[in-house]
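Note that the structure is a prediction, hence the values are computed from the model and not measured. Order of listing sets the numbers, starting from 1, for every ligand and every atom in it.
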Amino acid sequence: MTDKTSGFRTAVVPAAGLGTRFLPATKTVPKELLPVVDTPGIELVAAEAAESGADRLVIVTSPGKDGVVAHFVEDLVLESTLAERGKFALLEKVRKAPGLLDVTSVVQEEPLGLGHAVAQAESVLDADEEAIAVLLPDDLVLPCGVLDAMSRVRAELGGSVLCAIDVPKEQVSAYGVFDVEAVEGADADVLRVRGMVEKPALADAPSTLAAAGRYLLDRAVFDALRRITPGAGGELQLTDAIALLIAEGHPVHVVVHRGSRHDLGNPGGYLRAAVDFALEREEYGPQLREWLEFRLSENWDPTAPAR
Ligand code: UTP
């Protein structure tokens, strides 16, 4: 598929952060490679990008996180060992990531923020690419397909398109929250963005629509990223560049995703995702369910023989 139908052909995945919420694991293991059951979060996100028509993945990585890109490179020794041993199901699994799409990497020398990470991707884009998709590997937005909806909105309304999830009121202060207005004649789940408030108190929240980690950004974002100054923590914020675009009249819309979402960026959210995915797997689901029910029941006894 080309960008004629999907609106983009490059998906940028920023993976150069420090992953401090996962220390000490992230001293040596990149957060993006932590497995959800058996598959790294970044592979799940790359598969989503490929399904939505991307043919190139640009991973923004940092010095010392080479394993993230290596995950997408063929390992011929491992593959031939698995083939010799007749382990064809495993062979298929290890071949999946390298076969999804072309992978390029760019290096963010220092973790200077998500906006700064995205800016690094500009150097590898082709001159005719008018938009890029950005997918945060921390965020699983399920079922896949929201990028397709976002592409349709860009085709119709132009500009940049973001993804929102409707969260319970009491959770708004954990998110970036959109200030939106209706678009005449559009689907009720497509709204124009007037602005965004980071982690507002409930009373100040302009809506219950929280940013999820999917962006379809017009190339104009790179120019905006050059013109903003560092915000909180000395970091270049992607939301500041988007706010600048809005202020200058660039159309920015959200698509409200009506599905589920997992935040893999912190241990609590990551564990929920792992349990959710494992329960769906035929080889682990039934036993895990049985154990969870026992673990949560009044009969739970940590000294009883293992079940
Ligand atoms: P996060 O803030 O969730 O990731 O950024 P983090 O900074 O690695 O994690 P904590 O907060 O220290 O626990 C969202 C995504 O943006 C990337 C991260 O790798 C993550 O995938 N990112 C963030 C960068 O690539 N560069 C940065 O400077 C910051």
Could you go step by step and tell me if L292 and V275 meet the side-chain contact (heavy atoms from CB on, under 4.5 Å) rule? CA-CA 10 Å; L292 281 173; V275 171; 3.9 Å; yes

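We find that R9 and D128 are joined by a salt bridge, their nearest charged nitrogen and carboxylate oxygen being less than 4.0 Å apart. A salt bridge is defined here as a Lys NZ or Arg NE, NH1 or NH2 lying under 4.0 Å from an Asp or Glu carboxylate O, and R194 with D179 meets this definition. Checked for salt-bridge contact, R227 and D223 meet the test: a charged N lies under 4.0 Å from a carboxylate O.
Using a 3.5 Å distance cut-off with no hydrogens or angles, the side chains of D218 and H250 do not pair a donor with an acceptor.
Closer than 4.0 angstrom to ligand 1 by heavy atom are P14, A15, A16, G17, L18, G19, T20, R21, K31, E32, Q108, P111, L112, G113, L114, A117, P137, D138, sorted by chain and number.
The shortest distance between side-chain heavy atoms of E129 and R219 falls below 4.5 Å.
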